[in-house]
Every structure is written in C-alpha cells, then in structure tokens.
*Asks:* 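Below you will find the structure I want to go over with you.
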Amino acid sequence: MPKKSMLIIAQTYKVLNNLRPGDSLVFKKGEYKDIQLLLKQNGSSSKPILIAETPGSVIFCGDVKVAMYGTYTELNGIYFTNGNRNPNQWKSHGPGLIAMYASYCRVSNCAFNNFDEANSAYITTSLDENGNVPHIVALTIVVLRINLPSIRLLT
C-alpha cells in the first residue's frame with residue numbers, strides 16, 4: 001500500500017473515534033484499499049453520524065470490512081469493487097462485508113460490483129454484544145453484484 005494511502009487511512013481511523021452525533025466523515029473521491037471501519041460512536045435520531053461522499057466516487061477495494069456498532073449511523077455512496085476476502089475465512093452465515101450490529105443503521109447509495117467470490121453476504125444484521133437483534137435498519141438504493149464494465153449511481 002502506498003505511504004500516502006496508509007496515512008489517509010490512519011487519519012480516518014483517528015477521526016472515526018472522535019465522531020459525535022451530527023458529525024460527518026466525508027471520504028474524498030478516490031480508492032481506499034484494505035480499509036477496516038468500525039463505527040462505534042452513536043448518532044441520534046435528529047443528528048445521525050454520516051459516512052458519505054458523492055455516490056460512486058469513493059471506491060473501497062481489497063480486504064474491506066465495515067462494522068456498524070453505533071446507533072443512527074449511515075454508510076452512504078460507497079462503491080465496493082475488486083475485493084479479495086479469503087473465501088476460507090468468511091462464513092456463509094457470519095457477519096457480512098457490512099455488518100450492522102446496532103439499531104437505526106442505514107446503508108444508502110452503495111454498490112457492490114465484482115467484489116469477490118467469498119461465500120458470504122455483502123450486508124448483514126448481527127446480534128450486538130448483549131445478544132439483541134438490531135431493529136429498524138434500512139437499505140436504500142443498494143446495488144448488489146452487477147457484472148458490468150462500469151456502474152453509475154444516480155441519486
């Protein structure tokens with residue numbers, strides 16, 4: 001991984017830990033390889049924490065994982081492609097590429113195109129640390145596994 005990319009990802013991890021209700025973490029246009037996001041902070045119903053960019057201009061590739069542990073968090077506008085999850089390490093009924101552990105999470109305007117061949121879901125809900133099932137989670141305009149040379153997301 002190029003040094004500049006490592007620095008950007010390290011800065012992203014630092015910012016993630018300091019997000020508060022109503023804050024936004026906006027990824028700039030570009031490709032982010034091997035990013036592992038753990039969204040632990042809680043938003044609120046009137047001030048969700050938003051991870052966003054112009055839909056389709058931010059690409060997550062490589063060994064990617066997004067775990068949404070905080071309530072009222074949203075992942076918006078990410079294009080997942082050219083992934084390389086190891087099929088032997090991903091359970092078919094385990095947490096997905098995006099795992100929602102908390103209630104009131106949303107995945108919007110995201111696409112998964114030729115991501116990988118792992119026998120695992122791209123998006124899942126999972127029990128939280130207390131064994132509770134998340135409720136009221138939303139998927140909006142999510143495109144899964146489209147085998148086209150390119151994709152354009154419309155809002």
Side-chain angles (χ1 to χ4, degrees), residues 8-9 11-83 85 90-116 118-148 150-155:
I8 290 170
I9 291 174
Q11 291 169 336
T12 299
Y13 294 155
K14 184 176 180 179
V15 169
L16 272 176
N17 294 327
N18 294 309
L19 290 174
R20 299 292 175 248
D23 287 349
S24 295
L25 172 59
V26 179
F27 285 92
K28 292 182 180 180
K29 179 180 179 178
E31 186 174 284
Y32 297 81
K33 186 172 183 181
D34 301 332
I35 193 160
Q36 308 280 312
L37 299 178
L38 281 87
L39 308 173
K40 295 181 180 179
Q41 312 320 56
N42 293 312
S44 70
S45 60
S46 62
K47 295 181 179 179
I49 292 175
L50 180 63
I51 312 299
E53 174 61 9
T54 304
S57 69
V58 174
I59 299 167
F60 284 3
C61 60
D63 185 15
V64 176
K65 177 71 175 168
V66 179
M68 300 171 80
Y69 290 99
T71 58
Y72 296 103
T73 55
E74 180 174 356
L75 185 69
N76 187 326
I78 307 298
Y79 179 36
F80 294 83
T81 191
N82 299 323
R85 294 184 295 175
W90 286 82
K91 298 177 186 175
S92 61
H93 296 288
L97 179 66
I98 299 172
M100 293 185 274
Y101 294 93
S103 296
Y104 309 106
C105 294
R106 177 182 297 271
V107 176
S108 302
N109 300 313
C110 291
F112 302 81
N113 185 28
N114 293 323
F115 189 78
D116 63 19
N119 186 22
S120 177
Y122 289 148
I123 303 171
T124 61
T125 57
S126 300
L127 300 177
D128 67 14
E129 65 269 0
N130 298 320
N132 299 315
V133 176
H135 59 281
I136 310 181
V137 296
L139 305 176
T140 316
I141 310 175
V142 176
V143 180
L144 300 174
R145 193 118 190 177
I146 294 192
N147 295 312
L148 300 173
S150 64
I151 187 168
R152 179 176 173 191
L153 298 177
L154 305 174
T155 57

*Asks:* State, with a plain yes or no, whether a side-chain heavy atom of Val137 is found less than 4.5 Å away from one of Met68.
*Replies:* no
*Asks:* Could you grab the distance from atom OG of Ser126 to atom CG of Asn132, nearest 0.5 Å is fine?
*Replies:* 13.0 Å
*Asks:* Look up atom OG1 in Thr73 and atom NZ in Lys40, then write down how far apart they are to the nearest 0.5 Å.
*Replies:* 13.5 Å
*Asks:* Where do Ser45 and Pro48 come nearest, in terms of heavy atoms and distance?
*Replies:* O-CD, 4.3 Å
*Asks:* Is the backbone of Tyr101 close enough, under 3.5 Å, to the side chain of Glu129 for a donor and an acceptor to pair up by distance?
*Replies:* no
*Asks:* Can you check whether Phe115 reaches Tyr122 side chain to side chain, under 4.5 Å on heavy atoms?
*Replies:* yes
*Asks:* Check whether any side-chain N or O of Asp34 sits under 3.5 Å from a backbone N or O of Gly62 as a donor-acceptor pair, and report yes or no.
*Replies:* no
*Asks:* If you take all heavy atoms of Thr71 and Ala102, which pair is closest and at what distance?
*Replies:* N-CB, 3.8 Å
*Asks:* Would you say the side-chain atoms of Ser108 and Asn76 include a donor-acceptor pair closer than 3.5 Å?
*Replies:* no
*Asks:* List the steps and the verdict of side-chain contact (heavy atoms from CB on, under 4.5 Å) for His135 and Tyr104.
*Replies:* CA-CA 7 Å; His135 59 281; Tyr104 309 106; 3.4 Å; yes
*Asks:* Give, for atom CG of Asp63 and atom CG of Asp116, the distance between the pair rounded to the nearest 0.5 Å.
*Replies:* 9.5 Å
*Asks:* Taking the side chain as C-beta and beyond, is there a heavy-atom pair between Ile98 and Leu75 under 4.5 Å?
*Replies:* yes
*Asks:* I need the minimum non-hydrogen distance between Ser103 and Pro134, along with the two atoms involved.
*Replies:* OG-CA, 3.6 Å
*Asks:* Set out, in order, the CA-CA distance, both residues' side-chain angles and the distance that settles side-chain contact (heavy atoms from CB on, under 4.5 Å) for Tyr32 and Leu37, then state yes or no.
*Replies:* CA-CA 11 Å; Tyr32 297 81; Leu37 299 178; over 6 Å; no
*Asks:* Kindly determine whether Leu39 and Ile51 satisfy side-chain contact (heavy atoms from CB on, under 4.5 Å), including the steps that lead there.
*Replies:* CA-CA 9 Å; Leu39 308 173; Ile51 312 299; 4.1 Å; yes
*Asks:* To the nearest 0.5 Å, what is the distance between OH (Tyr79) and OG (Ser57)?
*Replies:* 12.5 Å
*Asks:* Just verifying a value: how many Å separate Tyr72 OH and Asn42 CG, rounded to the nearest 0.5 Å?
*Replies:* 10.0 Å
*Asks:* Of the non-hydrogen atoms in Asn82 and Cys61, which two are nearest, and what is the gap between them?
*Replies:* O-CB, 3.7 Å
*Asks:* Would a 4.5 Å heavy-atom cut-off, applied to side chains only, mark Phe112 and Leu97 as touching?
*Replies:* yes
*Asks:* Quick one: closest heavy-atom pair of Cys105 and Gly70, and the distance?
*Replies:* SG-O, 3.5 Å
*Asks:* Does any non-hydrogen side-chain atom of Val133 lie less than 4.5 Å from one of Leu127?
*Replies:* yes
*Asks:* Would a 4.5 Å heavy-atom cut-off, applied to side chains only, mark Gln41 and Asp23 as touching?
*Replies:* no
*Asks:* Output the distance between atom NZ (Lys65) and atom CD1 (Ile35), rounded to the nearest 0.5 Å.
*Replies:* 14.0 Å
*Asks:* Return yes if some donor-acceptor pair links the side-chain N/O of Thr124 with the main-chain N/O of Gly96 below 3.5 Å, else return no.
*Replies:* yes
